[in-house]
There are 2 protein chains.
Amino acid sequence: MNNSQLYKGSLSTVLLKLLKENGRMYGYELTQKVKELTTNEVVLNEGALYPALHKLEADGLLTAEVVPVGNRMRKYYAITPKGQTETESRIAELEEFVKHMQLLLGAKLSLG
Amino acid sequence: MNNSQLYKGSLSTVLLKLLKENGRMYGYELTQKVKELTTNEVVLNEGALYPALHKLEADGLLTAEVVPVGNRMRKYYAITPKGQTETESRIAELEEFVKHMQLLLGAKLSLG
DNA sequence: ATATATACCTAAGTTTGTTATGCATCAATA
DNA sequence: TATTGATGCATAACAAACTTAGGTATATAT
């Protein structure tokens, strides 16, 4: 991520969430999806993205599959069963964080 | 902060916000205020809190004043003029982050 | 006495991200 | 056809921001 647009710790949760929604995705695709969803405001930093994906894979939350497309390689990631439950709890945690920020910042945001 | 209740990078913004609202506060008081505002859900970790306050002071955003209360010392912090503008922009940044999280998580939250 | 709350502090280590690279394919265009 | 920008992956050095795990001391309640 760039320019502190995302806070530390939130990246892997966002990746898991998008993979959960979309079945399977590759790294570059994830960067594009994030840009799209945030109207070009959040641009994932590759130096953070790829190590994060590798860690999620190493932790057994994702599986990776390299697929040739033309002469190029794409590395598709998908959530494992273990990753499913972990995804749920991480999303809940991030939502809690958002709730806490609302309380602490005197939120202009409300439940909708 | 404890148990990833807050995300990395948000702590100093929260401290600035509380100091902005309350004029001047000391470290322990800040931990209590955060607990109070989050109905005991967020407990600041002292190992993060004190270094964060020291850094804000070193960066010229806060001033510190040690005041004896009985036989004990309290270190009161207050925002400097430089800290005022910085506080505004950091709060805005954190609000942006919250907005982005809503977009990425498929928010249950809306503008109110 | 002993535990809990108040009140401050730091050092070692970890996690996570930034910055700066490197390599390669493909499409568009000057 | 040479170059630019997009696609697509990766790592290494560094820095920021924490966690963990202590340390010191006073005050209050049991």
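Chain A is the first sequence line, chain B the second, and so forth, proteins listed ahead of strands; every chain is numbered from 1.
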Nucleic acid contacts - residues 65-75 of chain B versus DNA chain C, non-hydrogen atoms under 4.0 Å: B:R72, B:M73, B:R74, B:K75
Below 4.0 Å: OP1/OP2 of D:dC9 and any side-chain N or O of A:H54: no
Distance, nearest 0.5 Å, that separates OG of A:S10 from CZ of B:F97: 4.0 Å
Interatomic spacing from NZ in A:K33 to NZ in A:K17 - rounded to 0.5 Å: 11.5 Å
Any A:Y50 side-chain nitrogen or oxygen under 4.0 Å from OP1 or OP2 of D:dT11: no
Residue closer to the 5' end of DNA chain D, A:Y76 versus B:P51 (nearest nucleotide): A:Y76
Closest to side chain of B:A48, choosing from C:dC8, C:dT10, D:dC18: D:dC18
Distance, rounded to the nearest Å, where B:K35 contributes NZ and C:dT4 contributes P: 14 Å
Donor-acceptor contact below 3.5 Å, side chain B:D59 vs main chain B:L61: no
Phosphate-side-chain proximity, A:N45 and C:dT18, N/O vs OP1/OP2 below 4.0 Å: yes
Sugar-phosphate only, base, or nothing, as touched by A:G47 at under 4.0 Å among non-hydrogen atoms: base
Side-chain donor/acceptor of B:T38 to backbone N/O of A:H100, under 3.5 Å: no
Rounded distance (nearest 0.5 Å) linking atom CG of B:L62 with atom NZ of B:K55: 11.0 Å
Nucleotide of C:dC9, C:dG17, D:dT11 approaching B:E46 most closely (side-chain heavy atoms): C:dC9
Taking every non-hydrogen atom, the tightest pair across A:T80 and A:G60: OG1-O, 2.6 Å
Nearest-angstrom distance from the residue atom CG of A:L49 to P of C:dT18: 11 Å
Proximal nucleotide (of D:dA17, D:dC9, C:dG17) relative to the A:L11 side chain: C:dG17
